[in-house]
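See structure below.
What you see is a predicted model; the values in this text were computed from it and never measured.
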Number of protein chains: 2
Amino acid sequence: MRLFRSKGFDGTTMRGIADEAGVSLGSAYYYFAGKEHLIQAFYGQMQEAHLAAAAQALTGTTAFADRLEGVLAAWVEVAEPYHEFAGTFFKNAAEPTSPLSPFSPESSGAREASIAIFREVLDGSDLKVTPALRPHLPELLWLLHMGMVLFWVYDASDGRRRTLALAHGVAPLVDKLGRLSRVPVVRGAVTDLVSLLESLRA
Amino acid sequence: MRLFRSKGFDGTTMRGIADEAGVSLGSAYYYFAGKEHLIQAFYGQMQEAHLAAAAQALTGTTAFADRLEGVLAAWVEVAEPYHEFAGTFFKNAAEPTSPLSPFSPESSGAREASIAIFREVLDGSDLKVTPALRPHLPELLWLLHMGMVLFWVYDASDGRRRTLALAHGVAPLVDKLGRLSRVPVVRGAVTDLVSLLESLRA
DNA sequence: CCTACTTTTTGAACACGTTCAACAGGAGTC
DNA sequence: GACTCCTGTTGAACGTGTTCAAAAAGTAGG
């Protein structure tokens with residue numbers, strides 16, 4: 001981890017890691033299937049940190065927008081130290097066959113845990129949406145989160161100011177859209193969305 | 001290109017390419033800055049094919065949903081032959097610092113051309129949206145397209161059946177949402193969205 | 001034709017991720 | 001103790017992308 005942070009992902013060599021750990025190169029490969037697999041520890045570590053930070057953000061308010069923004073902003077804070085080499089990290093996650101992909105079966109545990117956070121955002125809030133949409137919302141919010149992660153990866157502003165601004169703007173918007181989903185004229189479109197989601201899942 | 005299709009991106013070596021081209025390894029690097037830069041030709045090639053296929057799909061109908069689905073489906077058809085190595089392709093494109101990234105300055109030309117297609121989808125259609133949203137719509141549709149590309153990369157169904165189903169479902173939905181944007185209750189949320197987009201651009 | 005200069009070509013060399021056959025130690029079994 | 005497994009450990013070796021100094025080929029001026 002120290003090497004990754006000081007030299008970046010590509011700058012860190014397996015030989016360097018082995019040296020630093022006081023073992024041979026071969027031994028490093030005995031414990032880790034490859035260089036990519038070293039990041040899985042990092043993945044879980046960040047997941048856990050986000051879980052804790054999110055729980056913190058969720059206490060004290062039932063306003064949906066605040067809860068959502070809190071959770072999204074919590075992730076940005078947790079992830080900030082790793083931003084500079086998150087690009088190469090994301091690069092590996094983008095490959096569909098990679099077990100590191102957020103959509104892969106191998107990371108379904110972490111994914112479910114992350115979705116659970118957003119279920120908690122919703123459950124503890126005052127937001128009322130149309131019933132058909134409700135069960136899909138945690139996963140949709142997680143998808144929004146993934147989109148924000150993508151934005152974050154490309155965000156070169158200092159302190160990830162832009163991503164935080166996005167979270168600050170997007171949370172009330174989702175809140176508003178959720179409430180709108182109950183208005184009759186809008187409900188038709190929401191129903192279409194829901195049946196599209198369900199047909200894709202099948 | 002032949003090598004990439006038969007062996008995939010990682011399976012194709014610079015030495016193999018040089019041999020196939022009848023030049024030395026060093027010469028390959030004289031003409032291409034690196035392995036990644038070789039894909040830029042492929043990138044442009046597909047872009048061009050999509051442009052032609054999209055133009056085809058846009059003749060004969062002014063119905064927005066049909067036009068949008070046509071353009072989205074056209075991309076799926078054009079990209080189908082390359083699906084199996086598109087994963088490794090996108091892996092390299094996903095890195096923010098990579099010039100192959102769809103968001104990078106280096107590929108702004110291709111990006112603008114792609115956005116222009118969606119502007120054409122909109123301009124030649126009967127869709128009426130709230131004026132504030134209109135100028136942002138081509139770029140938003142392009143973003144939707146990027147999302148669909150992501151879905152496509154992960155789509156393992158034969159003939160990319162699922163991606164086509166998504167396009168078939170999503171196009172009428174966007175149509176409906178666009179029309180809804182003019183309804184007073186909804187317009188407030190749309191205004192929020194627009195100002196969020198504009199604040200992020202600044 | 002010779003010379004000076006630029007453009008192109010070459011393959012050796014480098015550092016890397018990864019693999020693998022060989023080896024060392026330990027733990028049980030007789 | 002001798003034998004058999006199993007668990008770790010090792011560093012050489014392979015193929016890779018990339019670099020680079022040197023050579024070759026081409027070009028212009030005299």
Side-chain angles (χ1 to χ4, degrees), chain A residues 1-45 82 84-102 104 106-107 153, chain B residues 1-46 82 84-102 104-107 153:
Chain A
M1 228 60 230
R2 186 169 61 254
L3 287 176
F4 276 144
R5 290 207 40 191
S6 69
K7 304 186 174 219
F9 183 75
D10 289 336
T12 304
T13 71
M14 289 299 282
R15 285 168 180 81
I17 291 170
D19 279 1
E20 194 83 358
V23 297
S24 73
L25 178 58
S27 273
Y29 276 92
Y30 183 77
Y31 288 101
F32 296 94
K35 199 180 177 184
E36 295 188 351
H37 285 251
L38 284 165
I39 338 184
Q40 237 153 2
F42 163 74
Y43 199 86
Q45 196 174 312
Y82 312 102
E84 52 181 331
F85 78 90
T88 52
F89 172 63
F90 180 75
K91 166 180 166 175
N92 293 81
E95 189 162 22
T97 59
S98 166
L100 290 172
S101 158
S104 78
E106 285 86 348
S107 60
V153 168
Chain B
M1 229 57 233
R2 185 168 61 254
L3 286 176
F4 276 145
R5 289 205 42 191
S6 69
K7 305 183 174 223
F9 183 75
D10 289 335
T12 304
T13 70
M14 289 299 282
R15 285 166 180 81
I17 291 170
D19 279 1
E20 193 82 357
V23 298
S24 73
L25 177 60
S27 273
Y29 276 93
Y30 183 75
Y31 288 100
F32 296 95
K35 197 181 177 185
E36 294 191 349
H37 284 252
L38 284 165
I39 336 185
Q40 237 150 4
F42 164 75
Y43 201 84
Q45 196 174 310
M46 207 162 85
Y82 312 102
E84 53 180 330
F85 79 89
T88 52
F89 172 63
F90 277 101
K91 165 179 167 173
N92 292 76
E95 189 162 21
T97 60
S98 166
L100 290 173
S101 159
S104 78
E106 285 87 346
S107 59
V153 168

| request: Could you walk me through whether A:Phe4 and A:Leu38 pass side chain to side chain contact (heavy atoms under 4.5 Å, CB included), step by step? | output: CA-CA 10 Å; A:Phe4 276 144; A:Leu38 284 165; 4.2 Å; yes

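Counting 5' to 3', DNA chain D first comes under 4.0 angstrom of a heavy atom of chain B and last does so at the ends given by D:dT16 to D:dT19. Heavy-atom contacts of chain B under 4.0 Å fall on DNA chain C between two terminal nucleotides, which in 5' to 3' order are C:dT7 to C:dA13.
From B:Met1, atom CE reaches atom CD1 of B:Ile39 across 8.5 Å, with rounding to the nearest 0.5 Å.
Looking at residues two or more places apart in sequence or on another chain, you find no ring-ring contact (aromatic ring centres under 6.0 Å, His included) involving A:Tyr30. Every residue two or more places apart in sequence or in another chain that forms a ring-ring contact (aromatic ring centres under 6.0 Å, His included) with B:Tyr82 is listed here: B:Phe42. By the ring-ring contact (aromatic ring centres under 6.0 Å, His included) test, A:Tyr29 is found to be paired with no residue, residues two or more places apart in sequence or in another chain being considered. Residues satisfying the side chain to side chain donor-acceptor pair (under 3.5 Å) test with A:Glu20, not counting sequence neighbours, are A:Arg2. The side chain to side chain contact (heavy atoms under 4.5 Å, CB included) test applied to A:Ala18 returns A:Val23, A:Ala28, not counting sequence neighbours.
Proximity of residues 23-31 of chain A to DNA chain C (heavy atom under 4.0 angstrom from any strand atom) is restricted to A:Leu25, A:Tyr29.
Residue pairs meeting the salt bridge (Lys or Arg N to Asp or Glu O under 4.0 Å) criterion with at least one member in residues 22-32 of chain B, sequence neighbours excluded, do not occur. Applying the side-chain hydrogen bond (donor to acceptor under 3.5 Å, both in side chains) test to residues at least two apart or on different chains, none of the pairs has a partner in residues 5-14 of chain A.
Place B:Gly34 and A:Gly22 on DNA chain D by their nearest nucleotides, and A:Gly22 ends up nearer the 5' end.
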